[in-house]
Amino acid sequence: MRHYLPLNALMIFALSPSLHSEELTSMIELKVNCPREASYRFTGEMIPVELELLNAGQASMAVPLDYLQARGPKITLVDNHSGKEYKVKRGPPQTHLVDKLQSLEPNQSFRISWLLVPGDINRFALRPIDITVKFAFDLTPRVPMPETQFVTTQLHIVDGRLGD
């Protein structure tokens, strides 16, 4: 039988060698949804996405949801033609929100709306646009980098301006 620890317990005991990142990341899933259409075609405009953090575990989790929403996801663009990567810049972290933990019950989710900016895509990707967008959230923002636990998902975007 597998036992899970709430996030705040993991944050306190994160340096313990007996805890593994798979425990937390197997409980929280990250999904990306398209509010407008089933597939993403880049037309030179903002691309709205909805990121969903889902508690797929059997126990309630304490998560800094306000911090994650204010900070936003880590975003990496990967050009599928060249394999080059570009990390999208984010604003400064709202550290005062890190300790404000909220309960995420089993099968409950939290949605964060985000916009992919066309300038980031245009200045980075080769034409025709064919990129993979990798999204990641740091579930343990107070934990040192080697023990940091991320949930990730990705999205494929292709050029909708073919023939330009």
Q.
Run Ile75 and Leu77 through side-chain contact (heavy atoms from CB on, under 4.5 Å) and show every step you take.
A. CA-CA 7 Å; Ile75 299 174; Leu77 304 178; 4.2 Å; yes
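- We find the CZ-OG1 distance between Arg142 and Thr148 to be 12.5 Å, quoted to the nearest 0.5 Å.
- Across all their heavy atoms, Met46 and Val117 have their closest contact at SD-CA, 4.0 Å.
- In this structure the side chain of Ile28 never reaches within 4.5 angstrom of the side chain of Leu54, judged on heavy atoms.
- Listed here is the closest heavy atom pair of Asp120 and Phe124: O-CB, 3.3 Å.
- Counting only heavy atoms from C-beta outward, the side chains of Leu53 and Leu51 never approach each other to under 4.5 Å.
- From Gln69, atom CD reaches atom CZ of Phe137 across 8.5 Å, with rounding to the nearest 0.5 Å.
- At a threshold of 4.5 Å between non-hydrogen side-chain atoms, the residues Gln149 and Val143 do not count as touching.
- For Asp138 and Lys74, the salt-bridge test fails: no basic side-chain N is under 4.0 Å from an acidic carboxylate O.
- In this structure, Gly57 and Pro106 approach most closely via the heavy-atom pair O-CB, 3.4 Å.
- At least one donor-acceptor pair closer than 3.5 Å links the side chain of His81 to the backbone N or O of Pro128.
- Both Ile112 and Val63 belong to a common hydrophobic cluster when Ile, Leu, Val, Met, Phe, Trp and Tyr are linked at side-chain heavy-atom distances under 4.5 angstrom.
- Between Gln102 and Pro64, the shortest heavy-atom contact is OE1-C, 4.3 Å.
- The main-chain N or O of Lys134 is never found under 3.5 Å from a side-chain atom of Thr76 such that the two would form a donor-acceptor pair.
- For the atom pair CG (Leu126) and CG (Asp159), the distance works out to 11.5 Å, reported to the nearest 0.5 Å.
- Taking Phe42 as the reference, nothing meets the ring-ring contact (aromatic ring centres under 6.0 Å, His included) condition, with sequence neighbours excluded.
- Test Ile157, Val158, Val133 against Tyr40 for side chain to side chain contact (heavy atoms under 4.5 Å, CB included) and you get one pass: Ile157.
- A donor-acceptor pair is defined here as one N or O able to donate and one able to accept, closer than 3.5 Å; no such pair exists between the side chain of Asp130 and the backbone of Asn80.
- Note that CG of Leu104 is 8.0 Å distant from CE of Met61, once rounded to the nearest 0.5 Å.
- Rounded to the nearest 0.5 angstrom, Met145 CE and Thr140 OG1 are separated by 9.5 Å.
- Leu65 is connected to Met27 through a chain of hydrophobic side-chain contacts under 4.5 Å among Ile, Leu, Val, Met, Phe, Trp and Tyr, so both are in one cluster.
- In this structure a side-chain-to-backbone donor-acceptor pair under 3.5 Å is missing from Asp66 to Leu97.
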Quick one: side chains of residues 83-96, donor-acceptor pairs under 3.5 Å with protein atoms, not counting sequence neighbours, listed by atom name and distance.
residue: Arg90; atom: NH1; partner: Gly72; partner atom: O; Å: 2.8

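- Remark: the backbone N or O of Ala56 is not paired with any side-chain donor or acceptor of Glu29 at under 3.5 angstrom.
- Taken from CD1 in Ile121 to CD1 in Ile131, the straight-line distance is 4.0 Å, to the nearest 0.5 Å.
- Proximity of Val49 to Phe135: side-chain heavy atoms (C-beta onward) are separated by under 4.5 Å at one or more points.
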